[in-house]
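What follows is a short report on a single structure.
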Amino acid sequence: MKALAACLTAALSLTACASVQSEPAPAFEPGRAPAMERQLDWLTGAWSNAAQYAAAPEALRREPAAGYPYDWLDLQYAEFTRIDAPLVGDYVVYLEWRAGGPDGPVSRQRIWSFRANADGEPAGMDFYTLNNPDLYAGRAIEPWVFADLSLADLTGYPDGCTLSHAYPASMGSVYRLNPATCTITARSGRTMALRADIQLHPGRLTYSEAGMLESGAYAFLVPGGESFGYEFRPVEAGE
């Protein structure tokens, strides 16, 4: 279609147009996928679930603790930073969450490595924990910190634990981890199925995850309610 438009615009002959149309489409170049780049632009920056936390019933606003697996919601400040980590992938994000606010203790550090298909559209995502998270805490703005990051520095999940991309990314993206295909053995020795749901739209990010034991009980549920996830909104400068 682009080739035809170019021919008409340039008022080329029919023979020339036919010649252009017969040329093969250029190969997809990793790191140059417009839909993926747009999605990462939405994600990059500071987020908070402060509005969700303020609107929640007081009885729900509590830190996760033993005995409250289903009814808790804590306050989280999250920063997502696009990093240059060529040994990990073409579209890599370092996330750092802090409890309570930007100066709170680190509650979560992860690497998200997004993948694009042959057309440059989002296709899925793998997430990893850092083997040495203290090395990276608070240092996302130092680009050289991640330059040599490799899969050897990360702990991933087994086959079947890639998050699939649920629908086209023109207005947003949904990434889901299927508990029917993703099973791990935790450090405690317990076997559990994992599920996760990440929804990314301009100005809105929701996140939930869970580990389910063979008995059907939850090993963990984040946040503590089956009917909702964290609801993050962008943090404006100065907030």
Side-chain angles (χ1 to χ4, degrees), residues 43 49 62-74 76 78-81 83 85-99 105-115 122-137 140 145-146 148-166 173-200 205-230 232:
L43 178 60
N49 72 325
R62 68 172 97 227
E63 297 293 321
Y68 298 105
Y70 302 113
D71 57 353
W72 62 267
L73 177 70
D74 58 348
Q76 290 288 335
E79 289 193 359
F80 294 82
T81 304
I83 61 173
L87 299 178
V88 177
D90 294 306
Y91 310 100
V92 186
V93 170
Y94 166 67
L95 67 90
E96 185 172 300
W97 294 15
R98 290 182 179 267
V106 175
S107 60
R108 180 183 298 263
Q109 291 171 267
R110 297 287 188 273
I111 295 292
W112 288 0
S113 181
F114 294 90
R115 293 180 292 103
M125 187 260 282
D126 294 297
F127 51 50
Y128 303 90
T129 58
L130 292 149
N131 296 340
N132 188 6
D134 292 343
L135 180 64
Y136 304 97
V145 170
F146 297 96
D148 296 325
L149 186 73
S150 72
L151 295 179
D153 302 310
L154 307 172
T155 297
Y157 291 88
D159 291 342
C161 293
T162 290
L163 283 83
S164 62
H165 185 255
S173 286
V174 175
Y175 291 90
R176 289 199 172 106
L177 184 58
N178 187 352
T181 63
C182 181
T183 301
I184 68 166
T185 300
R187 292 178 182 177
S188 63
R190 296 186 297 179
T191 298
M192 65 183 71
L194 297 183
R195 83 164 189 231
D197 187 281
I198 301 168
Q199 300 189 25
L200 173 62
L205 170 66
T206 64
Y207 181 95
S208 63
E209 64 176 329
M212 292 163 285
L213 301 174
E214 293 175 311
S215 65
Y218 283 105
F220 68 89
L221 187 61
V222 177
E226 289 195 80
S227 62
F228 68 97
Y230 283 117
F232 289 104

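Because the structure is predicted, anything quoted here is derived from the model rather than measured.
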Full working for side-chain hydrogen bond (donor to acceptor under 3.5 Å, both in side chains) between S113 and D126: CA-CA 5 Å; S113 181; D126 294 297; 5.7 Å; no

All side chain to side chain contact (heavy atoms under 4.5 Å, CB included) counterparts of T185, not counting sequence neighbours: T191

With sequence neighbours excluded, residues passing ring pair (Phe, Tyr, Trp, His ring centres under 6.0 Å) with Y136: F146

Listed partners of D74 passing salt bridge (charged side-chain N to carboxylate O under 4.0 Å, His left out), at least two apart: none

Flag side-chain contact, heavy atom, 4.5 Å: R176 against I198: no

For N132, all residues meeting side chain to side chain contact (heavy atoms under 4.5 Å, CB included), sequence neighbours excluded: D134, L135

Shortest non-hydrogen contact between L221 and W72, atoms and distance: O-CZ2, 3.2 Å

Those residues that, when tested against N178, pass side chain to side chain contact (heavy atoms under 4.5 Å, CB included) (two or more places apart): A180, T181

Results of side chain to side chain contact (heavy atoms under 4.5 Å, CB included) for E79 - residues two or more places apart only: A46, Y77

Side-chain (S150) to main-chain (A152) donor-acceptor, under 3.5 angstrom: yes

Any side-chain donor near an acceptor of the partner, N131 and T155, under 3.5 Å: yes

Euclidean distance, C182 SG relative to M212 CE, rounded to 0.5 Å: 9.0 Å

Partner residues of S215 under the side-chain hydrogen bond (donor to acceptor under 3.5 Å, both in side chains) criterion, sequence neighbours left out: none

Separation of T129 OG1 from D153 CG (nearest 0.5 Å): 11.5 Å

Distance-minimising heavy-atom pair for T162 and R115: CG2-NH2, 2.8 Å

Contacts of R190 that satisfy salt bridge (charged side-chain N to carboxylate O under 4.0 Å, His left out) - sequence neighbours left out: none

Option from F232, W97, F228 for which ring-ring contact (aromatic ring centres under 6.0 Å, His included) with Y207 holds: W97

Test log, rule side-chain hydrogen bond (donor to acceptor under 3.5 Å, both in side chains), inputs S173 and Q199: CA-CA 6 Å; S173 286; Q199 300 189 25; over 6 Å; no

Interatomic spacing from CZ in R98 to OG in S107 - rounded to 0.5 Å: 9.0 Å

Nearest atoms (heavy-atom pairs only) where R195 meets P179: CB-CD, 3.7 Å

Contacts of type salt bridge (charged side-chain N to carboxylate O under 4.0 Å, His left out), residue R110, not counting sequence neighbours: none

Side-chain heavy-atom pair L149, L154 within 4.5 angstrom cut-off: yes

CA sep, side-chain torsions, deciding dist, call: W112, Y91, ring pair (Phe, Tyr, Trp, His ring centres under 6.0 Å): CA-CA 8 Å; W112 288 0; Y91 310 100; over 10 Å; no

Any residue meeting side-chain hydrogen bond (donor to acceptor under 3.5 Å, both in side chains) with Q109, in chain and number order, not counting sequence neighbours: Y94

By side-chain hydrogen bond (donor to acceptor under 3.5 Å, both in side chains) - contacts of Y175 (at least two apart): Q39

Y157: ring pair (Phe, Tyr, Trp, His ring centres under 6.0 Å) partners, not counting sequence neighbours: F127

Distance in Å, I184 CD1 paired with L194 CG, rounded so as to fall on 0.5 Å steps: 4.0 Å

